[in-house]
There are 2 protein chains.
Amino acid sequence: MNQISLSGLPLGAPLYQEVKRKIMESLRNGEWKPGEIVPSEKRLGERFGVSIGTVRKAVDELAAENILIRHQGRGTFVASHTHDRYVFGFFHIVGQDGHKEYPKVELQAFASIKADSDMAQRLGIRAGSKLFRLTNQLSIAGKPLIVDDIHLPERNFPHLTADVVRTRPGTLYQLYQDNFAIAVLRTEERLRACLADERLASLLDVEVGAPLLHIVRLALTFNDLAVELRHSYVNTTHHEYFAEEHQ
Amino acid sequence: MNQISLSGLPLGAPLYQEVKRKIMESLRNGEWKPGEIVPSEKRLGERFGVSIGTVRKAVDELAAENILIRHQGRGTFVASHTHDRYVFGFFHIVGQDGHKEYPKVELQAFASIKADSDMAQRLGIRAGSKLFRLTNQLSIAGKPLIVDDIHLPERNFPHLTADVVRTRPGTLYQLYQDNFAIAVLRTEERLRACLADERLASLLDVEVGAPLLHIVRLALTFNDLAVELRHSYVNTTHHEYFAEEHQ
DNA sequence: CAGTGGTCTAGACCACATT
DNA sequence: ATGTGGTCTAGACCACTGT
């Protein structure tokens, strides 16, 4: 059994891992905010007392995880959620020709509910905790394509209202970032096939019993803390979910 | 417009990219075969006339793409398809508890057909070209879970027979690698929901009209050449498709 | 023990972006 | 002109593996 230090890293872990951890700590603390520039590699090296090469290795990994973004000649920046970034990184539905087009979003319902045991387990909270539940209808060319049922622990999103959601300028993940200082860093998705019930059939303009792609997405922030649980129901008649495996 | 050299790399490309290209060329040529060790970083540096640091950067990328595998103290090896590796890298179906178990495979049909325009386009061959078509039934605990319809261009798999497929020791990708020197390097998957027709209902032991997850997988080798086109139909009643997005 | 990959350093030079 | 990240080098030392 390996010993584990207070930082969560094994004792005698590589220096660059320690540097990476410290950078993430500063990001989590908000020392450098989304969209802002971080100190140059030279300055980071001085701050942590390591060589530039070691800083580079730490930043390499953070850049590979899309937490930092490098721009040659300009500097290194904290990744920020934008519409384009969401479409590129999190939105996996493409047209039959492989073309990606982001749908128009319309909020259908906003409510406060209590977490059942499944939701609570996935979100890592107690069953019965209060959640916001949002239902979005996403359409392309006026035709409904996706229904999203989104669940957010209320304690992480104080004073959220339907109006705030409806009048947000960008994606929901931008709202989490800008209004609640929550950065979605990665997602886990579980996919199944299901049949449209009456509600989904009505929202998606399909027959009851039509086949739908059901995606359960868990969005996570620092330390793998769950931010959002989302059930998406997709009409895959003219669209599909795309995934690539670099082996 | 950037100039492109004969190697496909932009003129003035980084040295390590050139080294990476040369290593991949040797892999494609079979100079180093799957499972074999490649020369040490020191020797590669001497061979290509670059420093070890530059070799490391090239090997770093190849290791990140799972084309090479490093073992500290032992050396660097050419990735080889094994059962475990297939399950870890290409098989995305998990039980409801997240547990991955690889099913028992049974060949149901083996035929020679002609590519229709859709298959031909996806495989990058001419419509009407001859294909092998294999149908596999995959079961867990005696219960059918997946049906695979697999299409292989005949010219890449000379003398393939049902018997060879049935008596192979490992996965199909191992067969491609060991008997035909074809290395599957990455896959693209497109997912939709569909309804079971009579054939699928019978093979999967579900009702006609039951919802199924339909996965179209394209397997690719060097230079993004298509190797295999696979249609998988999954009964997601007790299993699901898992995908992770590192943002 | 010798050989391998993994880490870390220090410095030179390049390509790029901004001032 | 200055500062940034990107590349490349050379070498030291460490951790691990097999003989």
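Chain letters run A, B, ... following the sequence lines, proteins first, then strands; residues in each count from 1.
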Can [X] and [Y] be counted as an ion pair, charged N to O under 4.0 angstrom?
X	Y	answer
A:Lys42	A:Glu46	yes
A:Arg70	A:Glu41	yes
A:Arg28	A:Glu25	yes
B:Glu18	B:Arg21	yes

Take the protein atom [atom1] of [X] and the nucleotide atom [atom2] of [N], then report the distance between them rounded to whole Å.
X	N	atom1	atom2	answer
B:Ile37	D:dG18	CD1	P	11 Å
B:Asp60	C:dT7	CG	C1'	12 Å
A:Arg43	D:dT2	CZ	P	16 Å
A:Ile69	D:dT4	CD1	P	19 Å

For nucleotides 13-19 of chain C, just jot down a letter per nucleotide in 5' to 3' order: B, S or -, based on protein non-hydrogen atoms under 4.0 Å.
---BSS-
Sole residue of A:Thr236, A:Val234, A:Leu138, A:Ile140 in side chain to side chain contact (heavy atoms under 4.5 Å, CB included) with A:Ile93
A:Val234
I want to check one thing: is the phosphate of C:dG6, taken as OP1 and OP2, less than 4.0 Å away from some side-chain N or O of B:Arg56?
yes
Check whether any side-chain N or O of A:Lys57 sits under 4.0 Å from OP1 or OP2 of C:dT7, and answer yes or no.
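Yes, because at least one side-chain N or O of A:Lys57 sits under 4.0 Å from OP1 or OP2 of C:dT7.
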Which atom names give the shortest non-hydrogen contact between A:Ala58 and A:Tyr16, and what distance separates them?
CB-O, 3.5 Å
Tabulated below should be each protein N or O lying under 3.5 Å from an N or O of nucleotides 8-11 of chain C; please produce it.
unit_1 : atom_1 : unit_2  : atom_2 : d
C:dC8  : OP1    : A:Leu15 : N      : 2.2
C:dC8  : OP2    : A:Leu15 : N      : 3.2
C:dC8  : OP2    : A:Tyr16 : N      : 3.1
C:dT9  : OP2    : A:Ser51 : N      : 2.9
C:dT9  : OP2    : A:Ser51 : OG     : 3.0
C:dT9  : OP2    : A:Thr54 : OG1    : 2.3

Please report the interatomic distance OH(B:Tyr241) to CG(B:Leu191), rounded to the nearest 0.5 Å.
5.0 Å
Look at the side chain of B:Arg70 and decide which nucleotide, out of C:dG5, C:dT7, D:dG6, has an atom nearest to it.
C:dG5
Measuring centre to centre across the rings, with the benzene-like ring taken for any Trp, is B:Phe157 within less than 6.0 Å of B:Phe132?
no
